[in-house]
Amino acid sequence: MGIHNLAKLIADQAPAAIKEGEMANYFGRKIAIDASMSIYQFLIAVRQNGENLTNDSGETTSHLMGMFYRTIRMIENGIKPVYVFDGKPPQLKSKELEKRLERRTEAEAEKTKAADAGDGEAFDKFARRTVKVTREHNDDCKRLLTLMGVPYVDAPTEAEAQCAALVKQGKVYGVGTEDMDALTFGADVLVRHLTFSETRKMPIREYSLTKALQGLGINFEEFTDLCILLGCDYCDSIKGIGQKRALDLIKQHRNIETILKNIDKKKYAVPDDWAYEQARQLFKVPEILPADATDLKWTEPDEDGLVSYMVKEKGFS
DNA sequence: ACTCTGTCTCAAGACGGT
DNA sequence: TGTTCTTGAGACAGAGT
DNA sequence: ACAGTCC
């Protein structure tokens, strides 16, 4: 879920942090991309008659289709993408993940119901909600990327954290994602809608963390606490505190501890065993690979290998 | 009046030919 | 051994400040 | 711009 309403808050309170970009700005730039999230989107979107695309053996190919063409399109436009795959989610995220699993299970039941009723429309809808990225999807895409000469990184935990680390280490220009928590992890540049398809309708939008901090009038530590107050994947937030009050409180008190000492707890109920300190640590010192552990090399594609894999193994034409 | 919450919905990619 | 995550936006009603 | 197709 990223950070609740952070995009809106920046748009309202620090508009100078957002730049509407042209794709020419990105020629020659290296960009880190959350691979698992991309795969997820492809699995949901690339469908025909309610089902994913498959080869003759029944293996899903939607993710390869999406990743193949999108990556080609980026390279054609001079972008050097590096894909980052998720590792094990942090313990603190388990509550959130449970919730998501529950929703999937629910959708699974609805899907079956729709199938029995012969309702294709509903089947399609619920089928999309049951999508889950598997080990095989990830491995397929890693194989594809290797053949294409595009590097990838296996993150120890959160892909967004590793993407941000690559920016901080100066290995890439920015993170290409829709997920605003890349900023919370400290990426200075976040690029949204970085897709070059003909059907794109959203302009490329670049967020600068430095300018966002200037515009909001807070420092990075305060920004982290602000994000926790807005609502992140790692812990609850305080009911009744949204974008406006969260920013006001941070500006007034500068950190969550001081806010807790000063707010009326009868009006604003603080969650039990609120894990904000642990969440703060995850954002501040996420588990990431050191700079010398990632070697990003873009090479010529292995054309014979690509044909062999995509055509012979996966049934592309 | 303003702000936030909660809950609901929906839609989601990329290509080439027309 | 069991192995992997969605998200964002918009609309609307309702309650608290 | 749009509808059909990709596998």
Side-chain angles (χ1 to χ4, degrees), chain A residues 1-9 11-12 34-49 51-74 76 85-90 93-104 107 121 124-140 154-155 157-160 177-181 192-193 195-202 229-231 233-234 237-248 263-264 266-269 310-311 313-317:
Chain A
M1 279 192 74
I3 307 298
H4 195 244
N5 275 332
L6 178 56
K8 196 186 261 178
L9 184 143
D12 292 346
D34 180 337
S36 309
M37 176 142 300
S38 310
I39 294 170
Y40 181 80
Q41 287 170 345
F42 293 134
L43 289 175
I44 282 184
V46 185
R47 288 172 170 268
Q48 186 81 335
N49 306 321
E51 309 278 0
N52 282 122
L53 305 181
T54 60
N55 64 10
D56 291 340
S57 347
E59 297 171 310
T60 299
T61 51
S62 297
H63 55 307
L64 291 170
M65 177 71 99
M67 180 155 284
F68 185 57
Y69 285 112
R70 183 181 284 180
T71 304
I72 286 176
R73 188 54 88 114
M74 283 195 274
E76 275 174 353
F85 290 82
D86 268 323
K88 291 190 176 69
K93 204 176 183 175
S94 52
K95 247 185 257 161
E96 175 68 23
L97 297 184
E98 255 170 58
K99 255 189 249 167
R100 293 177 188 174
L101 173 65
E102 202 169 311
R103 278 196 206 134
R104 264 207 322 276
E121 191 100 347
D124 195 11
K125 185 165 99 183
F126 290 115
R128 287 172 201 261
R129 290 190 201 170
T130 65
V131 163
K132 143 181 95 172
V133 177
T134 67
R135 174 64 174 276
E136 280 67 41
H137 295 136
N138 283 335
D139 286 349
D140 285 348
D154 281 310
T157 63
E158 300 275 51
E160 293 293 349
T177 181
E178 303 311 306
D179 205 335
M180 296 298 289
D181 57 13
R192 288 181 126 184
H193 316 135
T195 167
F196 297 90
S197 100
E198 297 301 325
T199 59
R200 75 182 191 276
K201 36 186 190 288
M202 304 289 269
L229 286 174
L230 290 176
D233 287 347
Y234 302 134
S237 54
I238 303 174
K239 290 200 197 318
I241 310 272
Q243 319 159 45
K244 294 285 195 304
R245 288 198 250 266
L247 182 58
D248 289 346
I263 56 165
D264 182 346
K266 280 180 211 126
K267 278 185 210 160
Y268 302 108
M310 294 295 271
V311 179
E313 278 186 54
K314 295 297 181 182
F316 280 67
S317 58

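Order of the sequence lines sets the chain letters (A, B, ...), proteins ahead of strands, with each chain counted from 1.
- Within 4.0 Å (heavy atoms only), Ser36(A) reaches at least one base atom of the nucleic acid.
- With sequence neighbours excluded, the residues that form a side chain to side chain contact (heavy atoms under 4.5 Å, CB included) with Glu51(A) are Phe123(A).
- Ion pairing of Arg135(A) with Asp139(A) is present here, as a side-chain N (NZ or NE/NH1/NH2) and a carboxylate O approach within less than 4.0 Å.
- The separation of dG16(B) from dT4(C), taken at their C1' atoms, amounts to 36 Å, rounded to a whole angstrom.
- Between dT5(D) and dC8(B), the distance separating the two P atoms is 37 Å to the nearest Å.
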Review point. When every nucleotide of nucleotides 11-17 of chain C is labelled 5' to 3' by its protein contacts under 4.0 Å (heavy atoms), B for base, S for sugar-phosphate only, - for none, what sequence of letters results?
Key: ------S
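- If you take CG of Leu247(A) and P of dT3(B), they are 12 Å apart, rounded to a whole angstrom.
- Mapping Lys132(A) and Ala7(A) onto DNA chain C by nearest heavy atom places Lys132(A) closer to the 5' end of the strand.
- Counting only heavy atoms from C-beta on, Arg73(A) has its side chain closest to dC15(B) among dC15(B), dG6(B), dA14(B).
- A close approach under 4.0 Å does not occur between any side-chain nitrogen or oxygen of Thr61(A) and OP1 or OP2 of dC6(D).
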Practice item. Would you write the dot-bracket representation of DNA chain D, where each base gets (, ), [, ], | or . depending on whether it forms a Watson-Crick or G-U pair under 3.5 Å and with which partner? Key: ||.|||.
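- Between Leu43(A) atom CG and dC7(D) atom P there is a gap of 17 Å when expressed in whole angstrom units.
- Looking at heavy-atom distances under 4.0 Å, Glu178(A) makes contact with sugar-phosphate atoms alone, never a base.
- Remark on DNA chain B: of its neighbouring residues Leu53(A) and Ser237(A), the 5'-side contact belongs to Ser237(A), judged by nearest-heavy-atom nucleotide.
- Here Val46(A) lies in heavy-atom contact (under 4.0 Å) with a base.
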